Amino acid sequence: QRESPTNPGSTPGTPGPIRFHIGRHNQQFSPGLVPVRGSASKSRFSTEKDCSLNSPVWRSKGHLKGQGDYDMTLDKIVTEYLRKQHALCRNPVTTCPPMSLFKPHRCPEPRGRRMAPLNATSRIYNRMLGPKVGGIGGASVDRKFIYSRFRPCQSYRNSDDGGMLCCSFSRDEQYLMYGTFWGDIKLVSLQSGEETASYNFHQVPIEDFQQAKDHDVLLVSYADNGSGVWTYGDVVENKYSFEDSHIEFSKLIQDRIIGTKEETANIYDVSTGQRILKLFEANKANNYRENRATFNPTDELVLNDGVLWDIRSGKSIHKFDKFNDNISGVFHPMGLEIIINSEVWDIRSYHLLHTVPALNQCQIRFNNRGDIIYAIYVMDEEMDDFKGRSPYSSTFRTFDSTDYSSIATMDVRSKSISDLCTDRSDCYLAVVENLNTELGTEEFVCKLYEVGKLRDEE
C-alpha cells in the first residue's frame with residue numbers, strides 16, 4: 001500500500017514521504033470508535049514474546065536458530081535419501097542390508113519353499129532330497145557362486161624375452177599354447193610348467209590362432225593383415241595363405257573357413273583352400289574397425305560388419321543399427337541372439353532385446369557350456385595413454401549369458417589384458433596380461449586361474 005501525503009508547505013501535486021506496509025493492512029479506527037477490549041493485553045503479550053525470542057535462554061534450549069544456524073547435516077541428507085529408496089522397494093524388510101550410494105537399493109525378494117537357497121551347502125543338501133539343482137533357480141545361483149571366484153595357480157613367461165598376444169589350450173588339455181611377437185607358437189606343459197615345443201609360423205606377431213577339433217591344423221592370423229592354414233607335428237607346413245586379417249573355422253562342422261578383410265567376408269573350403277563365397281554389399285557396410293565375420297552355431301548364417309547373411313542364398317538378410325565404431329558382434333551359443341557391443345538383438349524379429357552397458361567396448365568369450373560370458377576391455381589405439389585408459393582395462397568380467405546379469409569383476413592389477421581362453425571342462429582360465437615392471441618396461445605373462453576357488457589371502 002502506498003501513501004503519498006503532501007506536506008503543508010509543498011506545492012500541490014508534489015509527492016511527500018512514501019511508506020510501505022508489508023503484510024496485513026493495519027486496522028484504522030475512526031475517532032468515534034472504541035477499540036475492542038483485550039487488544040491492549042494482546043499487544044502487550046506480543047511485545048513480551050518478541051523480546052523473549054532474543055533471550056539467550058530461549059536460544060540455548062534450541063527453540064530458535066539464528067541466522068546461518070540450520071538443523072541439517074550430511075548424515076541426515078544421506079539417511080533421508082536412502083530412506084526414500086527403501087520406501088520404493090516392493091517388499092521392504094525391517095532390518096536393511098548395507099546400502100551403497102553408487103548402486104540403487106533394492107531389498108531382496110522373498111524366496112518361496114521351492115526356490116533354491118542362497119547358501120551353497122543348503123543347495124547341495126537339497127539335491128539329495130529334491131531337484132537336481134537344489135530348487136528353482138539353483139543353476140543360476142550356482143553359476144554366480146562358481147564364476148565369481150578365481151585363484152591364480154601358475155604363471156608362464158616367454159623364454160625368449162618376447163611378448164605374447166594370444167593363448168589357447170591344446171586338444172588333449174595337457175599343454176597351454178601361446179603366440180609370441182616373433183611369430184612362434186609355443187607349448188607349455190600344464191603339470192611341469194616347462195616349454196615342450198616351439199613352432200615358427202611367421203616373422204611378425206601372431207594376433208590369434210585356432211586349433212582344429214580332430215586333427216593337427218592351425219588357423220593363424222598375423223599382425224600384418226595376413227593369415228594362413230598350417231599343419232604341425234613333426235614338421236610344420238603351410239597349406240594355404242590368405243590376405244584376410246582374421247580367419248576362423250565354422251562352428252558345427254569344421255569343413256569351412258571364414259576370413260575377414262576390412263568389410264568383406266570370404267568363405268573357403270578347408271580341403272582345397274578355394275573361395276566358395278564372398279559376402280559384401282557397399283550400401284550396407286557399417287565399417288567397424290574390429291570387424292570379424294563369424295558363423296552362427298548351425299553354420300547357416302554369417303554375421304559380418306553388423307549385417308546378417310544367409311549362406312545358402314548368399315544374400316544379406318538384415319542390417320543391424322550401428323551404435324559403436326569398433327565391435328562388429330558375435331552370435332550367442334543358443335543361436336537366437338546376436339550381441340553387438342552392448343546391444344543384444346533377437347534374430348527372429350530383429351528387435352533390440354537388452355542393452356548391457358557393462359559390455360561396452362568389450363571383447364567377449366563364452367565358456368564351453370555357453371552359459372557364461374567372459375569380457376575384456378578392448379584398448380583403443382588412439383587412447384593408449386594413461387589418461388585415456390579405461391578403469392576396466394586391467395580387469396576381466398563374468399556375466400550370466402541367460403539374463404546378462406553381472407557376476408563378478410576380477411582385477412588382475414596389470415596394464416591391460418590381451419586375450420583369455422578356457423579349457424573344455426571350464427575348470428581353468430588362461431589370461432594373457434601386460435605387466436609394468438619396476439624398470440618401466442612391459443612384460444607379458446600368461447596366468448592360469450582355477451575357476452570356482454578363492455585366492456589364498458581370501
Side-chain angles (χ1 to χ4, degrees), residues 166 168-171 177 179 185 201 206-222 226-232 238-281 288 290-318 320 327-340 345 347-348 363-370 373 401 419 421-424:
C166 51
S168 178
F169 288 91
S170 61
R171 288 200 320 271
M177 309 170 65
I185 293 182
F201 295 90
I206 295 178
E207 286 191 341
D208 189 29
F209 66 91
Q210 184 181 5
Q211 189 179 17
K213 296 178 181 178
D214 53 358
H215 49 281
D216 294 334
V217 175
L218 278 178
L219 302 184
V220 185
S221 301
Y222 316 127
S227 55
V229 180
W230 295 76
T231 58
Y232 67 99
N238 183 14
K239 296 183 63 177
Y240 316 113
S241 296
F242 307 113
E243 296 181 356
D244 303 271
S245 59
H246 175 79
I247 56 175
E248 62 180 51
F249 282 112
S250 52
K251 297 293 192 303
L252 188 61
I253 302 175
Q254 293 184 341
D255 59 346
R256 286 171 290 181
I257 300 172
I258 185 168
T260 308
K261 183 179 180 182
E262 296 178 352
E263 299 86 15
T264 305
N266 300 306
I267 299 178
Y268 305 93
D269 184 77
V270 173
S271 58
T272 62
Q274 299 296 322
R275 187 171 69 180
I276 303 174
L277 188 62
K278 178 181 178 180
L279 305 176
F280 174 72
E281 287 187 12
Y288 287 107
E290 301 292 334
N291 178 37
R292 289 187 176 184
T294 181
F295 282 97
N296 77 322
T298 61
D299 295 339
E300 297 176 349
L301 302 174
V302 164
L303 181 66
N304 174 48
D305 200 31
V307 180
L308 189 63
W309 295 80
D310 184 8
I311 299 300
R312 293 165 293 185
S313 63
K315 298 181 180 179
S316 61
I317 302 175
H318 180 75
F320 295 97
I327 311 299
S328 61
V330 295
F331 286 95
H332 193 285
M334 298 300 294
L336 299 178
E337 297 173 353
I338 291 178
I339 306 173
I340 303 178
W345 302 87
I347 295 181
R348 296 164 293 185
Q363 182 180 1
I364 64 177
R365 296 278 193 274
F366 290 90
N367 65 340
N368 284 276
R369 293 187 59 181
I373 298 175
S401 65
D419 193 19
C421 64
T422 61
D423 63 342
R424 293 185 180 181

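Everything quoted here is computed from the prediction, not taken from an experiment.
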Nearest atoms (heavy-atom pairs only) where S227 meets S221: CB-CA, 4.1 Å
Donor-acceptor contact present, side-chain Y240 to main-chain S271, <3.5 Å: yes
Taking every non-hydrogen atom, the tightest pair across G273 and F242: O-CE2, 3.7 Å
Pairwise distance CG(L219) to CD(Q254) - rounded to 0.5 angstrom: 8.0 Å
Parallel, tilted or perpendicular, as decided by the 30° and 60° cut-offs, for the rings of W345 and F320: tilted
R171 side chain to H215 backbone, donor-acceptor under 3.5 Å: yes
Nearest heavy-atom neighbours spanning S401 and G370: OG-O, 2.8 Å
Euclidean distance, L252 CG relative to F295 CZ, rounded to 0.5 Å: 11.0 Å
Spacing of I317 atom CD1 and D310 atom CG [to the nearest 0.5 Å]: 4.5 Å
Student check: side-chain heavy atoms of K213 and F249 closer than 4.5 Å: no
Verdict with reasoning, Y288 to I340, per side-chain contact (heavy atoms from CB on, under 4.5 Å): CA-CA 11 Å; Y288 287 107; I340 303 178; 3.9 Å; yes
From T422 atom OG1 to N368 atom CG, the distance as rounded to the nearest 0.5 Å: 4.5 Å
Reported CD-to-CH2 distance for the pair Q211 and W230, which is rounded to 0.5 angstrom: 16.0 Å
Residue pair I338 / H318, side-chain heavy-atom distance below 4.5 Å: no
Value rounded to 0.5 Å, distance of NZ in K315 from CH2 in W309: 11.0 Å
Evaluation steps, side-chain contact (heavy atoms from CB on, under 4.5 Å), between I276 and R256: CA-CA 9 Å; I276 303 174; R256 286 171 290 181; 4.2 Å; yes
N/O donor-acceptor pair under 3.5 Å between E248 side chain and Q210 backbone: no
Expected output: side-chain D305 to main-chain N291 donor-acceptor under 3.5 Å: no
CA sep, side-chain torsions, deciding dist, call: V217, V270, side-chain contact (heavy atoms from CB on, under 4.5 Å): CA-CA 10 Å; V217 175; V270 173; 5.8 Å; no
Polar side-chain atom of T260 near backbone of A293 as donor-acceptor pair, under 3.5 Å: yes
Where E207 and C166 come nearest, the two heavy atoms and their spacing: O-CB, 3.4 Å
Sidechain-backbone polar pair: T294 side chain, L303 backbone, donor-acceptor under 3.5 Å: no
Donor-acceptor pair, side chain of D244 and main chain of I247, under 3.5 angstrom: no
Whether T264 side chain and F280 backbone form a donor-acceptor pair below 3.5 Å: no
Under 3.5 Å donor-acceptor, N304 side chain and E263 backbone: yes
Audit row: E243, N266, side-chain contact (heavy atoms from CB on, under 4.5 Å) steps and yes/no: CA-CA 10 Å; E243 296 181 356; N266 300 306; over 6 Å; no
Minimum heavy-atom distance between G335 and I347, given as atom pair plus value: O-CD1, 3.3 Å
pair D216-T231: side-chain heavy atoms closer than 4.5 Å: no
Heavy-atom side-chain proximity of I339 to F366 below 4.5 angstrom: yes
Any donor-acceptor N/O pair, D299 side chain to K251 backbone, under 3.5 Å: yes
Closest contact, heavy atoms only, V229 versus N238: O-OD1, 3.1 Å
